[in-house]
K.L.:
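Pasting in a structure now, in structure tokens, and then I'll have a few things to ask.
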2 protein chains.
Amino acid sequence: MRLSQFHLHTSKETPADAELVSHKLMLKAGMIRKLAAGLYTWSPLGLRVLRKVERVVREEMDASGAVELLMPSVQPRELWEETGRWEKFGGQLLKMKDRKDAWYCYGPTHEEVITDFARDELASYKQLPVTFYQIQTKFRDEIRPRFGVMRAREFLMKDAYSFHVTDEDLGREYLNMFNAYCRIFSRLGLEYRAVFADTGSIGGSASHEFHVLAESGEDAIAYSTDSDYAANVELAEALPEGERHAAEESLREVETPVQKTCEAVAELMGIGLERTVKSIALMGANADGETEFVLALVRGDHVLNEIKLAKLPGLGEYRMATEAEILAHLGSEPGFLGPVSPRQPVRVVADRSVAALADFVVGANRAGFHLAGVNWGRDLPEPETVADIRNVVVGDRSPDRHGTLGICRGIEVGHVFQLGRKYAEAMKCTVLDETGKAVVPAMGCYGIGVSRIVAAAIEQNFDANGIRWPESMAPWRAVVCMINPKKDPAVTEAAEALYRELNEAGVETALDDRGLRPGAMFADIELIGIPHRIVVSERGLAAGTYEYRARTEPESENLDTAGLKARLGL
Amino acid sequence: MRLSQFHLHTSKETPADAELVSHKLMLKAGMIRKLAAGLYTWSPLGLRVLRKVERVVREEMDASGAVELLMPSVQPRELWEETGRWEKFGGQLLKMKDRKDAWYCYGPTHEEVITDFARDELASYKQLPVTFYQIQTKFRDEIRPRFGVMRAREFLMKDAYSFHVTDEDLGREYLNMFNAYCRIFSRLGLEYRAVFADTGSIGGSASHEFHVLAESGEDAIAYSTDSDYAANVELAEALPEGERHAAEESLREVETPVQKTCEAVAELMGIGLERTVKSIALMGANADGETEFVLALVRGDHVLNEIKLAKLPGLGEYRMATEAEILAHLGSEPGFLGPVSPRQPVRVVADRSVAALADFVVGANRAGFHLAGVNWGRDLPEPETVADIRNVVVGDRSPDRHGTLGICRGIEVGHVFQLGRKYAEAMKCTVLDETGKAVVPAMGCYGIGVSRIVAAAIEQNFDANGIRWPESMAPWRAVVCMINPKKDPAVTEAAEALYRELNEAGVETALDDRGLRPGAMFADIELIGIPHRIVVSERGLAAGTYEYRARTEPESENLDTAGLKARLGL
């Protein structure tokens, strides 16, 4: 491609309303242009990258045995009512009425449509297993569309759905898809993790998310330093601590006139934060369904995990206690709360790490005072409930018992689910098994955010000058730049020859024949992130060399033809 | 592709509600499945064909210098209000409201979005000319969606838009696109015609439609037998006739008691239909805007063309006259009307061919009677207006004066327009010209109905057994069929080897390893239209031959390897 014939339209200004690096760089590079909230046009440059991602996804899906089809984006209400999701899906579902007043939605996902397809097309176990996929435009009416194509309303997605007679076969295909996803993200040149995940609104049982690792990621991921284990921080289990050591200190009151946080108390007392305990006052329900005051305890250096907490008996629908409720039960204002000698009985829910403490510090239930040297069984009863109610932290043991946990941030770009029979059952989809009996097939579903990957890749691959594309996603792998072509026809000739030669050798190469000055030309090439830049100049021609620079290297080098080809893997 | 791994799902039953052959065959072959009115899922088989078409379109658009981008399908109301089309576009525009109560539509076309893109992206004449295209999903809320994907509501379209400083440059690109379209339809192996067209609702000036010729086509096309001329029948000009010959007969009344049509009168009198004249009573307006009674005359063997008629002065908003109006002006009931001696003055608008008649037959304005031997200037005044107001017929002179006209039927699959400055002006899109002055660019727009082409190709290529794909569109060019593979492992081995060899040689080949009996297998292969069928059997192996059959040939032949390769162009 000659860049003079390609509508390249970069900008020097940094867009004011873009927060994420990828959003800024995609706008500056002219890859996308906003049409309306959450709606973007992919420019020729942006589309080249999007198509690269699409191709890798398609090739690996095909290689995994999935067959591609294409479902409509507009879906009739009736199907969504069969699964109950017409109401349940919520505000993200963009609904519309056609000229005959029939209701439709712009498909945010295709479980209903594929299950409708399957109940017509699949009659016998002989047609199973089968995995259908499509690469198709979806719409989700986000409340706050932002971050460019990272969270757009209209976006390109690869969604796949598999059908199986047995759960075992679903498990086999789940693994097959899992492996295909690993190949996809590896081929795309991305650093990623497959993490255990909550199934969210799609429903079903086993599920993994695939995250591209990047500091700007919205999700925190806990991973083992020594194994493949990874999970959303909120879902990773904090394993039980070691044995509680024996009490050494006696109970004493410490004056803490303005120290209302664990951090402040620990600093005042000159002790480690891990010896302090936070008391969080909640209202839950007892076994009879009556309101119950609960004190949840986590160590001062830990964070309460509300998802884990809500899974405990009586805490499914807990809320924070009011100041009046706290005063009635503990006789104190917040900032000095603790489990010792409450005014009225309270239920104590202690995190495993708190239950393992001796000689710890809690609020004294008296304004301006904390208790130190507190010990279970001596100063207060053993806690009614001991459970994992905190977020894991760096250095925790890995839940799979291999190594310790690190925490990184990730951007979710893929998701594999074992849906089970939820949709097939709701939509009365059956196939005949080997004995001639009608059975409801088990389903899997497997999504990849194709357009989101483009943004996620940038979040992981950029520097001050712009994007640094992995080779597999770059709009072109290489670019040939001409210096002063008008002054010296030999430069044009040599550049054109090299451009043709590289393309013929299979290195997708652009020719920068726009006639820009070197500074502006190089700035553009760095901004749009071409991995290999080759400069043809009068001086270089005289010396028989090209000036070569890899996008990831700080310096350029002068290479002869053989050296250049080696850099390009030829 | 092994068909055992491909979700092929043909049906023996002919769908009851499908009218068109293509619709029937696509359902029987399992290429598409209906989701709702005008909404179809493309099965793996159907999608393979759709992608073939898409690829040819993309390759030729790229080769023509157009650059691909991708615009959103959801478009904000504000843009459509700038061009006035939010209201004017009519019921085909599917409107919807998002969760913030902002209005959008599902784009039926993208003039507004591309012009919005252009006014931001294009600043200078240096960036022009440029042609952007996309291959993208559109929605038009048809009142009567039918004929399968031929007239679906959601469909795949290639739309392109070009921008130019001068009209001349627009004309150049129009020709460039015209030629690209010719290459596309030629490569797809379709018999087609480029026809002059009305610009319809898109607006603008020059315009051609591309039609795939097929008997089932909705549009009648007039074409020259000796040149490239082709036009919609309604738009083709009927050239002036030769000189009027001198009157030979005298005026006489003929008794026609029940003969109310030209056909009946001609039969009764034993004369040619071309000597009779139909009188159509209309109400138009005179130069002062007052209602005026008009008698439009066309030959008995011709059909009045309402589009041409409505272009005449005073007839822009004509309507049929009522029986009372007819009685008042002509003194007769319909069936016996004529221009001779009306009761009140009438305006006579004669088709050119009627004005050229002598000794002709018209109604007598008296129930049960016609007049014969009628001559202009003698029996009635020369007509006030002589114009082309009829449809052309087979054998007319071609409007380009080369050869005579034939008439065929076509399916519109492409359209090129010179839009001019209508959209750019409405949306205040300007670029700076060479003198630094802001000018409104001229625009062209160029569409191809990608999904419709699939159906149109079938309308042109089928027989009693199914589809006969042109090679460029076939899901696979060849298929290797195994006879009784379980009985003889040598058959499997030879078939697998041939399958691999052909694919490696670049002939996209499927392997029918589904284990069907020959009859069912062959029926499927013919139905889905694979151009080359190669059968591997025990008997053939013994003789060193394959049984080969081209989809377009009635008989198969036994060929050795060299003969087979020759048939496949290897």
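Because only heavy atoms are used, hydrogens play no part in the values below, and waters and symmetry mates are left out as well, while side chains stay in. Quick note on labels: first sequence line is chain A, next is B, and so on, each numbered from 1.
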K.L.:
Tell me, for L93(B) versus chain A, whether the close heavy atoms (under 4.5 Å) come from the side chain, the backbone, both or neither.
P.N.:
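Answer is neither: L93(B) stays 4.5 Å or more from chain A.
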
K.L.:
Could you measure the distance from the CG atom of L45(B) to the CG atom of L69(A)? Nearest 0.5 Å is fine.
P.N.:
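Here the interatomic distance stands at 11.5 Å.
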
K.L.:
Do H7(B) and Q127(A) have side-chain N/O donor and acceptor atoms under 3.5 Å apart?
P.N.:
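Note: H7(B) and Q127(A) side chains miss the donor-acceptor criterion.
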
K.L.:
Once rounded to the nearest 0.5 Å, what's the spacing between atom OG1 of T41(A) and atom CD of Q134(B)?
P.N.:
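It comes to 8.0 Å.
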
K.L.:
Check whether F155(A) gets within reach of chain B through its side chain, its backbone, both or neither, counting any heavy atom under 4.5 Å.
P.N.:
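Answer is neither: F155(A) stays 4.5 Å or more from chain B.
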
K.L.:
Roughly how far, to the nearest 0.5 Å, is the CG atom of D120(A) from the NZ atom of K34(B)?
P.N.:
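Going from NZ on K34(B) over to CG on D120(A), the span is 12.0 Å.
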
K.L.:
So, are E68(A) and R51(B) salt-bridged, with charged N and O less than 4.0 Å apart?
P.N.:
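Salt bridge flag = yes for R51(B) with E68(A).
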
K.L.:
With a 4.5 Å heavy-atom cut-off, do H9(A) and L122(B) have their side chains touching?
P.N.:
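H9(A) does not reach L122(B) side chain to side chain.
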
K.L.:
Determine the minimum heavy-atom distance between P72(B) and Y40(A), stating which atoms define it.
P.N.:
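Where P72(B) meets Y40(A) most closely, the heavy atoms are CG-O, 3.3 Å.
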
K.L.:
Please check: side-chain N/O of R99(A) versus main-chain N/O of E142(B), any donor-acceptor pairing under 3.5 Å?
P.N.:
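Side chain of R99(A) to backbone of E142(B), a donor-acceptor pair under 3.5 Å: no, none is there.
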
K.L.:
What's the shortest heavy-atom distance between E154(B) and V74(A), and which atoms?
P.N.:
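What the structure gives for the nearest pair is OE1-N, 3.0 Å.
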
K.L.:
How long is the straight-line distance from OG of S11(B) back to CD of E121(A), given to the nearest 0.5 Å?
P.N.:
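Nearest 0.5 Å value for the CD-OG distance: 10.0 Å.
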
K.L.:
Does the side chain of Q5(B) reach to within under 4.5 Å of the side chain of V67(A), using non-hydrogen atoms?
P.N.:
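No, side chains not in contact.
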
K.L.:
For the OH atom of Y106(A) and the OG atom of S73(B), what is their distance to the nearest 0.5 Å?
P.N.:
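One finds 2.5 Å between OH of Y106(A) and OG of S73(B).
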
K.L.:
Under a 4.5 Å cut-off applied to non-hydrogen side-chain atoms, are F132(A) and S43(B) in contact?
P.N.:
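No, their side chains stay 4.5 Å or more apart.
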
K.L.:
Measuring heavy-atom distances to chain B, does K95(A) have an atom under 4.5 Å in its side chain, in its backbone, in both, or in neither?
P.N.:
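Just its backbone gets close to chain B.
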
K.L.:
Please look at K126(B) and chain A and tell me whether the side chain, the backbone, both or neither of the residue comes under 4.5 angstrom of a heavy atom of that chain.
P.N.:
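No part of it gets close to chain A.
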
K.L.:
What part of L39(B) lies closer than 4.5 angstrom to a heavy atom of chain A: side chain, backbone, both or neither?
P.N.:
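Contact with chain A: backbone and side chain both.
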
K.L.:
For L47(B), is it the side chain, the backbone, both, or neither that has a heavy atom closer than 4.5 Å to a heavy atom of chain A?
P.N.:
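Interface part for L47(B): side chain.
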
K.L.:
For the residue pair R153(B) and D98(A), what are the closest heavy atoms and their distance?
P.N.:
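Answer, listing the atom of R153(B) first, then D98(A): NH1-OD2, 2.8 Å.
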
K.L.:
Which heavy atom of K100(A) sits nearest to which heavy atom of P145(B), and what is that distance?
P.N.:
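Scanning both residues, the minimum pair turns out to be NZ-CD, 4.3 Å.
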
K.L.:
Do you know which of L35(B), L156(B), T137(B), D62(B) has the most heavy-atom pairs under 4.5 Å to chain A?
P.N.:
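Ranked by heavy-atom pairs under 4.5 Å with chain A, first place is L35(B).
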
